[in-house]
Amino acid sequence: GDSVTQMEGPVTLSEEAFLTINCTYTATGYPSLFWYVQYPGEGLQLLLKATKADDKGSNKGFEATYRKETTSFHLEKGSVQVSDSAVYFCALTASSNTGKLIFGQGTTLQVKP
Amino acid sequence: DAGVIQSPRHEVTEMGQEVTLRCKPISGHNSLFWYRQTMMRGLELLIYFNNNVPIDDSGMPEDRFSAKMPNASFSTLKIQPSEPRDSAVYFCASSRDTRADTQYFGPGTRLTVL
(Lines give C-alpha, C1' and ligand atoms only; values in the text may rest on other atoms or scores of the structure.)
Protein backbone atom coordinates (compact mmCIF):
# COMPACT_ATOMS: atom_id res chain seq x y z
CA GLY A 1 0.00 0.00 0.00
CA ASP A 2 0.87 3.66 -0.09
CA SER A 3 3.41 4.80 2.46
CA VAL A 4 5.78 7.63 3.37
CA THR A 5 9.11 7.30 5.18
CA GLN A 6 10.91 10.26 6.72
CA MET A 7 14.31 10.52 8.29
CA GLU A 8 14.43 10.03 12.01
CA GLY A 9 14.57 13.07 14.20
CA PRO A 10 15.19 15.16 16.07
CA VAL A 11 17.37 17.26 13.82
CA THR A 12 19.32 19.94 15.65
CA LEU A 13 21.00 22.72 13.69
CA SER A 14 22.58 26.06 14.37
CA GLU A 15 21.01 29.16 12.89
CA GLU A 16 21.95 29.75 9.22
CA ALA A 17 22.85 26.09 8.67
CA PHE A 18 21.66 24.14 5.64
CA LEU A 19 18.70 21.85 6.17
CA THR A 20 17.77 18.60 4.49
CA ILE A 21 14.96 16.35 5.67
CA ASN A 22 14.69 13.18 3.64
CA CYS A 23 11.37 11.77 2.49
CA THR A 24 10.76 8.72 0.31
CA TYR A 25 7.47 7.22 -0.70
CA THR A 26 5.78 4.12 -2.07
CA ALA A 27 2.66 4.61 -4.13
CA THR A 28 0.72 3.30 -7.08
CA GLY A 29 -0.07 5.75 -9.81
CA TYR A 30 1.05 9.36 -9.66
CA PRO A 31 0.43 10.89 -6.25
CA SER A 32 0.74 14.54 -5.32
CA LEU A 33 3.36 15.21 -2.65
CA PHE A 34 3.23 17.63 0.27
CA TRP A 35 5.25 18.99 3.15
CA TYR A 36 3.27 20.14 6.17
CA VAL A 37 4.68 21.97 9.18
CA GLN A 38 3.42 21.96 12.75
CA TYR A 39 4.56 24.69 15.10
CA PRO A 40 4.31 24.06 18.84
CA GLY A 41 0.72 24.01 20.07
CA GLU A 42 -0.78 24.40 16.60
CA GLY A 43 -2.35 22.29 13.89
CA LEU A 44 -0.57 21.28 10.71
CA GLN A 45 -0.33 23.76 7.88
CA LEU A 46 0.74 23.28 4.29
CA LEU A 47 4.31 24.35 3.61
CA LEU A 48 4.64 23.36 -0.06
CA LYS A 49 3.41 20.83 -2.58
CA ALA A 50 4.19 19.31 -5.98
CA THR A 51 1.68 17.60 -8.21
CA LYS A 52 3.79 15.89 -10.87
CA ALA A 53 7.25 14.55 -11.50
CA ASP A 54 10.08 17.11 -11.63
CA ASP A 55 7.88 19.81 -10.12
CA LYS A 56 9.54 21.93 -7.46
CA GLY A 57 7.46 23.21 -4.59
CA SER A 58 8.75 26.23 -2.68
CA ASN A 59 7.65 28.51 0.14
CA LYS A 60 9.35 30.62 2.81
CA GLY A 61 12.80 29.60 1.57
CA PHE A 62 11.98 25.89 1.69
CA GLU A 63 12.12 23.77 -1.47
CA ALA A 64 11.38 20.19 -2.46
CA THR A 65 11.53 18.51 -5.86
CA TYR A 66 9.29 15.61 -6.89
CA ARG A 67 11.72 12.88 -8.00
CA LYS A 68 9.82 10.00 -9.53
CA GLU A 69 12.95 8.02 -10.41
CA THR A 70 14.06 7.91 -6.79
CA THR A 71 10.55 8.17 -5.29
CA SER A 72 11.73 11.04 -3.11
CA PHE A 73 10.62 14.50 -2.03
CA HIS A 74 13.40 15.82 0.20
CA LEU A 75 12.88 19.13 1.98
CA GLU A 76 15.71 21.68 1.85
CA LYS A 77 16.42 25.17 3.10
CA GLY A 78 19.63 27.04 2.60
CA SER A 79 19.71 28.94 5.88
CA VAL A 80 17.46 28.00 8.78
CA GLN A 81 16.23 30.36 11.46
CA VAL A 82 15.22 29.75 15.05
CA SER A 83 11.62 30.37 13.97
CA ASP A 84 11.80 27.29 11.69
CA SER A 85 11.85 25.04 14.76
CA ALA A 86 8.83 22.79 14.28
CA VAL A 87 7.76 19.30 13.26
CA TYR A 88 7.77 18.63 9.51
CA PHE A 89 5.54 16.02 7.88
CA CYS A 90 5.88 14.61 4.39
CA ALA A 91 2.64 13.34 2.81
CA LEU A 92 1.13 12.02 -0.40
CA THR A 93 -2.33 11.63 -1.83
CA ALA A 94 -3.59 8.09 -1.45
CA SER A 95 -4.19 6.11 -4.62
CA SER A 96 -7.85 5.81 -3.62
CA ASN A 97 -8.21 9.34 -5.01
CA THR A 98 -10.65 10.49 -2.34
CA GLY A 99 -8.56 13.30 -0.95
CA LYS A 100 -7.07 11.11 1.76
CA LEU A 101 -3.44 11.90 2.61
CA ILE A 102 -0.83 9.44 3.83
CA PHE A 103 1.54 11.11 6.31
CA GLY A 104 5.05 10.22 7.35
CA GLN A 105 5.90 10.01 11.03
CA GLY A 106 7.19 13.59 11.24
CA THR A 107 10.68 15.00 11.81
CA THR A 108 11.35 17.44 14.63
CA LEU A 109 13.68 20.30 13.77
CA GLN A 110 15.29 22.36 16.47
CA VAL A 111 17.32 25.40 15.45
CA LYS A 112 19.62 26.93 18.04
CA PRO A 113 20.78 30.56 18.00
CA ASP B 1 -12.07 33.42 5.64
CA ALA B 2 -12.53 31.42 8.80
CA GLY B 3 -10.44 28.30 8.94
CA VAL B 4 -11.45 24.96 10.39
CA ILE B 5 -13.00 25.52 13.80
CA GLN B 6 -12.72 22.98 16.58
CA SER B 7 -14.22 22.99 20.03
CA PRO B 8 -13.38 22.70 22.79
CA ARG B 9 -9.69 23.53 22.57
CA HIS B 10 -8.99 21.68 25.80
CA GLU B 11 -11.00 18.99 27.55
CA VAL B 12 -10.23 17.31 30.83
CA THR B 13 -12.50 14.49 31.89
CA GLU B 14 -12.56 11.45 34.09
CA MET B 15 -12.35 7.88 32.90
CA GLY B 16 -15.75 6.51 31.93
CA GLN B 17 -17.23 9.85 30.92
CA GLU B 18 -18.54 10.63 27.47
CA VAL B 19 -16.53 13.11 25.42
CA THR B 20 -17.75 14.94 22.32
CA LEU B 21 -15.41 16.86 20.07
CA ARG B 22 -16.80 19.24 17.46
CA CYS B 23 -15.61 20.47 14.11
CA LYS B 24 -16.80 23.03 11.60
CA PRO B 25 -15.04 22.63 8.24
CA ILE B 26 -14.26 25.41 5.84
CA SER B 27 -17.31 26.42 3.83
CA GLY B 28 -17.38 24.75 0.43
CA HIS B 29 -15.14 21.88 1.44
CA ASN B 30 -16.74 18.48 1.04
CA SER B 31 -14.16 16.22 2.63
CA LEU B 32 -13.57 16.09 6.37
CA PHE B 33 -10.93 14.17 8.27
CA TRP B 34 -10.44 13.33 11.94
CA TYR B 35 -6.89 12.66 13.16
CA ARG B 36 -5.36 11.75 16.51
CA GLN B 37 -1.82 12.73 17.49
CA THR B 38 0.20 11.22 20.31
CA MET B 39 3.88 11.07 21.09
CA MET B 40 3.90 7.30 20.85
CA ARG B 41 1.89 6.79 17.65
CA GLY B 42 2.32 10.06 15.80
CA LEU B 43 -0.48 11.32 13.55
CA GLU B 44 -3.20 8.76 12.88
CA LEU B 45 -6.17 9.14 10.54
CA LEU B 46 -9.28 7.96 12.39
CA ILE B 47 -12.06 8.49 9.86
CA TYR B 48 -12.91 10.64 6.89
CA PHE B 49 -16.09 11.79 5.20
CA ASN B 50 -16.87 12.82 1.67
CA ASN B 51 -20.12 14.73 1.06
CA ASN B 52 -21.14 13.88 4.65
CA VAL B 53 -20.77 10.14 4.06
CA PRO B 54 -18.16 8.13 5.99
CA ILE B 55 -15.70 6.72 3.46
CA ASP B 56 -13.14 4.95 5.62
CA ASP B 57 -13.38 4.38 9.36
CA SER B 58 -10.68 1.73 9.53
CA GLY B 59 -8.58 3.97 11.75
CA MET B 60 -11.19 4.21 14.50
CA PRO B 61 -9.56 2.36 17.38
CA GLU B 62 -12.61 0.58 18.74
CA ASP B 63 -16.35 0.73 19.23
CA ARG B 64 -16.01 3.34 21.93
CA PHE B 65 -15.29 5.84 19.15
CA SER B 66 -17.96 7.12 16.80
CA ALA B 67 -18.15 10.01 14.35
CA LYS B 68 -21.00 11.73 12.60
CA MET B 69 -21.42 14.40 9.98
CA PRO B 70 -25.10 15.39 9.94
CA ASN B 71 -24.52 18.21 7.45
CA ALA B 72 -21.79 19.86 5.42
CA SER B 73 -20.87 22.33 8.15
CA PHE B 74 -20.62 20.17 11.25
CA SER B 75 -19.04 16.97 12.48
CA THR B 76 -18.62 15.30 15.87
CA LEU B 77 -16.24 12.71 17.25
CA LYS B 78 -17.56 10.97 20.32
CA ILE B 79 -15.77 8.72 22.80
CA GLN B 80 -17.96 6.73 25.16
CA PRO B 81 -16.73 5.65 27.64
CA SER B 82 -13.42 7.47 27.66
CA GLU B 83 -10.20 5.89 28.93
CA PRO B 84 -6.83 7.39 29.93
CA ARG B 85 -5.21 5.96 26.78
CA ASP B 86 -7.50 8.17 24.71
CA SER B 87 -5.56 11.21 25.92
CA ALA B 88 -4.22 12.91 22.79
CA VAL B 89 -4.63 15.90 20.53
CA TYR B 90 -7.48 15.42 18.07
CA PHE B 91 -7.38 17.33 14.81
CA CYS B 92 -10.08 17.94 12.28
CA ALA B 93 -9.15 18.84 8.70
CA SER B 94 -11.12 19.64 5.56
CA SER B 95 -10.42 19.79 1.85
CA ARG B 96 -12.20 20.44 -1.41
CA ASP B 97 -11.74 16.81 -2.37
CA THR B 98 -9.78 17.35 -5.53
CA ARG B 99 -6.88 15.03 -6.01
CA ALA B 100 -4.14 17.59 -5.61
CA ASP B 101 -5.82 19.81 -3.07
CA THR B 102 -4.66 20.81 0.37
CA GLN B 103 -6.02 19.67 3.69
CA TYR B 104 -6.62 22.53 6.11
CA PHE B 105 -6.21 21.63 9.74
CA GLY B 106 -7.98 23.03 12.75
CA PRO B 107 -6.08 24.02 15.91
CA GLY B 108 -6.89 20.72 17.60
CA THR B 109 -8.56 19.63 20.82
CA ARG B 110 -6.24 18.49 23.58
CA LEU B 111 -8.04 15.74 25.47
CA THR B 112 -6.89 14.55 28.87
CA VAL B 113 -8.67 11.59 30.45
CA LEU B 114 -7.84 11.14 34.11
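Just so it is clear, the values below take in all heavy atoms, side chains as well, and ignore hydrogens, waters and symmetry mates. Every chain is numbered from 1 and lettered A, B, ... according to where its sequence line falls, protein lines coming before strand lines.
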Note to self: Count I, L, V, M, F, W, Y as connected when their side-chain heavy atoms are under 4.5 Å apart, and connections chain through other members. Are V113(B) and V89(B) then in the same cluster?
What the structure shows: no
On a heavy-atom basis, the closest approach of Y48(B) and K100(A) is CE2-CD, 3.6 Å
Among residues 6-15 of chain B, those lying within the under-4.5 Å heavy-atom range of chain A are R9(B)
message = Please determine whether the number of non-hydrogen atoms from other residues, nucleotides or ligands lying under 6.0 Å from atom CD of E8(A) exceeds 12.
response = no
* **Heavy-atom side-chain proximity of L43(B) to L44(A) below 4.5 angstrom** => yes
Q. Counting only heavy atoms not in N71(B), do more than 12 sit closer than 6.0 Å to its CG atom?
A. yes
In this structure, CD of E42(A) is separated from CZ of F91(B) (nearest 0.5 Å) by 9.5 Å
Exercise. Report yes or no: do I21(A) and L48(A) belong to one cluster of Ile/Leu/Val/Met/Phe/Trp/Tyr joined by side chain heavy-atom distances under 4.5 Å?
Key: yes
So ring pair (Phe, Tyr, Trp, His ring centres under 6.0 Å) across residues 36-64 of chain A, not counting sequence neighbours, yields Y36(A)-F103(A), Y36(A)-F105(B), F62(A)-Y88(A)
Heavy-atom nearest pair, F89(A) first then Q37(B), reads CZ-NE2, 3.6 Å
Practice task
Establish whether L92(A) and F33(B) are linked, either directly or via other cluster members, by ILVMFWY side-chain heavy-atom contacts under 4.5 Å.
Solution key: no
Within residues 105-113 of chain A, the residues sitting under 4.5 Å from chain B by heavy atom, in sequence order, are none
Across all chains, not counting sequence neighbours, the side-chain contact (heavy atoms from CB on, under 4.5 Å) partners of K78(B) are E18(B), T20(B), S66(B)
Same hydrophobic cluster for L47(A) and Y25(A), using side-chain heavy-atom links shorter than 4.5 Å among ILVMFWY?
yes
Heavy-atom count check: over 12 atoms from other residues, nucleotides or ligands less than 6.0 Å from R110(B) CZ? no
Q) Are L21(B) and V4(B) in one and the same hydrophobic cluster, where Ile, Leu, Val, Met, Phe, Trp and Tyr link if side-chain heavy atoms are under 4.5 Å apart? A) no
* Inspect the surroundings of CD in E69(A) and state if more than 12 heavy atoms from other residues, nucleotides or ligands are less than 6.0 Å away. => yes
One option among L33(A), I102(A), L46(A) has the most heavy-atom pairs under 4.5 Å with chain B, and it is L46(A)
